[in-house]
Amino acid sequence: MTVLKTSMRNFLAHKGRMALSAVAVLLSVAFVCGTLVFTDTMSTTFDKLFAATASDVTVSAKDASDGGETTSDNGKPPTVPESVLADVRKVDGVESAEGALHSTSLTVVDADKESLSPTSGGPTIVGNWTANDARTMEITSGAAPRGPDQILVDADTADKHGLELGDEIGVISVVGTHTARISGIADWSVTNPGAAIFFLDTRTAQQALIGESGVFTNVNATAADGVSDAQLKKDVTAALGGDYKVLTAQESAEAGQQDVEGFMSVMKYAMLGFAGIAFLVGIFLIINTFSMLVAQRTREIGLMRAIGSSRKQVNRSVLIEALLLGVVGSVLGVAAGIGLAVGLMKLMGSIGMELSTDDLTVAWTTPATGLLLGVVVTVLAAYLPARRAGKISPMAALRDAGAPADARAGWIRGGIGTLLTAAGAGALYLTSAADKAAQGSMWLGLGVVLTLLGFVLVGPLLASGVVRVLGVVVLRVFGPVGRMAERNALRNPRRTGATGAALMIGLALVACLSVVGSSMVASATDELDKTVGTDFIIQSDGGQLLTPQAVKAVQDTPELERVTEYKWTEADFTTPDGRTLKNTAITAADPTYATDLRVETVRGKLSDAYRPDSMSVHEKFAEDHGVRLGSTIDVAFKDGSTGTLTVRAITSSDAVVDAGAMYTSIDTLAKYVPAEKMPLDTLLFASAKEGQQDAAYTALKESLHDYPQYTVRDQTDYKEALKDQIGQLLNMIYGLLALAIVVAVLGVVNTLALSVVERTREIGLMRAIGLSRRQLRRMIRLESVVIALFGALLGLGLGMGWGATAQQLLELEGLKVLEIPWPTIIGVFVGSAFVGLFAALVPAFRAGRMNVLNAIATE
């Protein structure tokens with residue numbers, strides 16, 4: 001009980017000093033809990049949606065996916081004939097059944113041909129209005145569509161784009177463009193996570209989406225009273241045979257959940273990973289806080305030891321303080337995490353993904369996880385300072401104002417750090433020498449961990465040298481004040497090293513990802529310059545296939561010399577080694593593709609692969625399956641017959657563009673696949689006539705004016721799009737890493753604040769002999785700047801090493817250019833100085849306000 005009282009008294013006495021450490025725990029726990037609440041809420045939203053929209057039993061085509069994916073490689077959803085609807089209605093136990101039709105492989109535009117698709121990445125769905133839809137949506141304005149000139153739109157999409165009754169809408173599918181006017185607006189009875197939904201009447205939907213009457217994508221059956229879904233499925237399957245896919249409502253909902261589960265898992269664990277980084281940075285802050293508090297209370301602890309307190313009691317006292325800090329920070333963090341989740345939901349709503357707070361899901365495991373993590377991490381971080389406190393000698397404490405550093409422990413720590421750094425460097429070297437990406441990835445992960453731990457441990461030794469160099473470059477120009485700032489930073493290298501290490505971790509990751517991102521862009525750009533021999537690339541950013549009408553519009557552009565079609569499909573390969581490879585990708589293109597993409601061949605000529613009944617394979621495939629020039633492969637084309645194709649070329653497996661592709665000609669594909677089953681073009685390559693590139697670029701855009709779902713890019717545009725995609729990904733990662741950097745900044749603030757308290761008497765004496773308040777504040781700010789620059793220098797150097805090694809690994813995948821983004825690196829380094837300046841504002845202000853006499857009188 002005495003230990004607990006002492007711990008409570010110390011905790012409350014130093015509550016101001018504990019506040020920043022508590023904020024670090026709070027932020028880390030909030031990020032974990034916010035992530036869990038946000039992803040759980042998204043799961044709840046989708047679960048409710050799938051459960052509400054699934055009929056008792058759904059019948060669909062055999063090749064339709066369980067999760068409702070509706071697009072085949074001809075741009076049309078798999079369908080079932082209208083006769084299936086009649087057969088289902090005759091099954092005992094069916095109360096009612098209706099035919100439903102929907103497609104996601106399309107674009108919907110307003111009268112100005114502006115896309116109405118969600119900006120959040122959600123799907124655009126067009127279907128027929130059914131009784132099943134009426135269960136989950138209520139028409140709040142107008143009426144259901146009747147006739148080819150009417151369309152119904154969901155209320156969220158209408159609000160987002162300012163649509164009203166009577167407005168014209170265009171539905172662009174592979175069949176063509178269908179124009180209608182809004183006849184009604186329907187609101188969801190459940191939360192719509194962000195899809196844009198449009199409804200036509202049944203006959204119009206069949207013609208607009210499929211191009212023929214009498215077909216549906218699925219048949220929805222409702223069970224009669226007393227008939228279970230499982231029994232109804234059994235009866236429907238018996239009536240239809242095994243030619244169709246039959247799912248219960250639960251199976252349909254589970255399939256839908258699996259579709260979003262992958263995305264949800266990636267997002268959840270990525271965000272938790274960044275929360276883990278923030279926790280790691282927070283550990284340094286907590287260690288620093290308790291180390292300094294223990295050092296400042298050396299006399300007090302020594303007195304406690306002198307009057308009978310045991311080492312265990314002193315140790316336990318410090319750990320109880322850490323426990324209190326962990327509990328307070330974690331409880332506040334859990335509450336902040338729920339608020340963060342609500343904020344993320346509002347943010348997602350602003351970009352189009354609607355999530356209702358009515359679905360806010362806080363599982364009991366979320367606060368339990370947050371509390372456990374926060375408390376355990378805080379107590380573990382305080383263990384070493386607590387152990388050090390327990391070792392304080394009563395006599396030494398009564399003689400000295402502070403506990404001297406253990407030189408032997410420092411050298412042992414430095415030696416271990418050096419060994420770990422050397423081992424990590426060896427692992428990074430093995431990464432660059434690896435022949436296989438999987439093996440290299442393991443070495444890379446090991447190297448990153450070991451070098452990070454090594455730098456953390458050797459940080460105090462590095463601080464002595466690096467801070468002196470930084471002092472010469474940065475601080476000496478400020479005269480005596482700068483020299484005092486340098487000496488203050490060098491006074492306790494362990495503290496400086498730990499503070500700099502917190503910032504080092506975040507900046508190392510920033511530097512590493514910057515190098516990798518820049519190298520990926522540079523490598524892809526270099527590869528495009530070397531391999532792409534065409535002027536323009538035409539494709540859909542939304543993944544839609546090119547319609548025959550759009551292809552003809554491109555081909556009819558007079559300024560073009562040639563247009564190359566590019567199709568993608570799947571087939572079953574039977575190779576010379578007797579193996580059958582199911583659903584293997586094969587690319588069909590015009591013979592001019594060999595000119596448009598200069599693919600490196602290791603044997604044969606790629607142009608020969610476009611001869612009748614010919615194909616190419618890549619080198620690794622050839623090695624794995626005993627394929628040589630002249631070998632034959634039996635290719636069973638999807639939706640077609642089987643052909644025997646001769647291998648005329650073997651391409652390099654190291655390509656970046658079209659890596660791993662196997663080619664044949666469109667004429668060969670057409671020989672084995674019926675015209676109505678032929679896959680649509682994935683993209684088009686177009687080359688302008690000599691000297692007409694600019695005119696062709698403008699003409700192409702005009703030719704595709706009525707097809708806003710497709711984008712025309714020249715090589716410059718394509719490179720910029722690639723750069724933007726990688727840039728957006730990196731910006732998102734930097735945003736998440738900002739949490740760790742914020743915690744590191746708190747560490748600098750805390751270190752300086754406690755350092756000011758520790759040096760109270762010294763500050764009073766300096767003020768007494770003539771140091772002005774302005775000079776004092778400048779000294780503390782400069783000390784903060786040099787600590788921040790020390791952490792930045794280590795972090796950026798370490799991160800560039802990681803990034804360069806990662807690029808060596810990516811070289812195995814064809815990304816051969818290493819590019820260091822020096823503007824970013826220099827900008828981050830300079831920004832670190834401003835971070836240090838900002839972190840010192842409050843400690844410097846407080847130091848400047850000290851009463852000189854009171855400071856001198858401080859024990």
Side-chain angles (χ1 to χ4, degrees), residues 28 31-32 35 262 265-284 373 377 380 416-459 462 501-520 523 654 659 726 729-730 732-734 736-741 743-744 791 794-821 825:
S28 302
F31 205 61
V32 170
T35 298
S265 295
V266 170
M267 180 173 66
K268 177 179 178 178
Y269 291 114
M271 292 178 70
L272 289 177
F274 287 103
I277 294 169
F279 263 120
L280 182 61
V281 173
I283 286 173
F284 291 99
L373 276 174
V377 166
L380 287 177
I416 295 173
T418 302
L419 288 175
L420 287 175
T421 303
L428 294 178
Y429 172 77
L430 292 175
T431 301
S432 61
D435 295 326
K436 295 182 180 179
Q439 179 187 11
S441 298
M442 294 175 59
W443 286 118
L444 177 63
L446 181 63
V448 167
V449 171
L450 290 178
T451 50
L452 178 61
L453 290 174
F455 265 55
V456 168
L457 291 176
V458 84
L462 293 176
L503 194 59
M504 174 189 76
I505 295 170
L507 296 186
L509 292 170
V510 168
C512 173
L513 293 169
S514 296
V515 171
V516 171
S518 296
S519 297
M520 288 175 67
S523 298
D654 294 334
I726 295 177
L729 177 62
L730 289 178
M732 182 178 69
I733 294 173
Y734 294 157
L736 293 171
L737 281 173
L739 176 68
I741 295 173
V743 175
L794 293 189
L796 294 175
L798 191 59
M800 285 191 289
W802 292 348
T805 307
Q807 186 275 328
Q808 293 293 308
L809 194 60
L810 291 173
E811 189 170 348
L812 298 175
E813 304 297 323
L815 300 174
K816 301 178 180 179
V817 179
L818 172 64
E819 181 167 294
I820 306 295
I825 300 298

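In what follows, every heavy atom counts, from backbone to side chain, and hydrogens, waters and symmetry copies are set aside.
- Residues L428 and W802 are in side-chain contact: their nearest non-hydrogen atoms beyond the backbone lie under 4.5 Å apart.
- When all heavy atoms of A806 and V516 are compared, the closest pair comes out as CB-CG2, 3.8 Å.
- In this structure, CD1 in I726 is found 12.0 Å from CG in L513, a value given to the nearest 0.5 Å.
- T805 pairs by the side-chain hydrogen bond (donor to acceptor under 3.5 Å, both in side chains) definition with nothing, not counting sequence neighbours.
- Here Q808 contributes atom CD and S519 contributes atom OG; the two are 9.5 Å apart, rounded to the nearest 0.5 Å.
- Nearest heavy-atom pair across G440 and L809 is CA-CD1, 3.5 Å.
- Put simply, CG on L380 and CD1 on I283 are 7.5 Å apart, with the number rounded to the nearest 0.5 Å.
- With L420 as the fixed residue, the side-chain contact (heavy atoms from CB on, under 4.5 Å) test singles out one of V456, V458, L457: L457.
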Given the rule in the side chain to side chain contact (heavy atoms under 4.5 Å, CB included) test, do I733 and F274 qualify, once you have shown the distances and angles that lead to the verdict? CA-CA 9 Å; I733 294 173; F274 287 103; 3.6 Å; yes

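- With S523 contributing its side chain and M520 its backbone, the two residues share no donor-acceptor pair below 3.5 Å.
- In this structure, the side chains of I741 and L503 come closer than 4.5 Å at one or more pairs of heavy atoms.
- Taking all atoms of both residues into account, the shortest heavy-atom contact from V515 to A804 is CG1-N, 3.8 Å.
- For the pair Q807 and K816, the tightest heavy-atom approach, listed with the atom from each and the gap, is NE2-C, 3.3 Å.
- Atom CD1 of I505 sits about 11.0 Å away from atom CG of L737, to the nearest 0.5 Å.
- With a 4.5 Å cut-off on side-chain heavy atoms, M800 and I825 count as touching.
- The CG atom of L794 sits 11.0 Å away from the CG atom of L452 when rounded to the nearest 0.5 Å.
- Note: F31 CZ to M271 CE = 4.5 Å, rounded to the nearest 0.5 Å.
- By the side-chain contact (heavy atoms from CB on, under 4.5 Å) test, Y429 is found to be paired with S432, residues two or more places apart in sequence or in another chain being considered.
- Applying the side-chain hydrogen bond (donor to acceptor under 3.5 Å, both in side chains) criterion to S514, with sequence neighbours excluded, gives Y734.
- The two residues I277 and A740 have their closest heavy-atom pair at CG2-CB, 3.7 Å.
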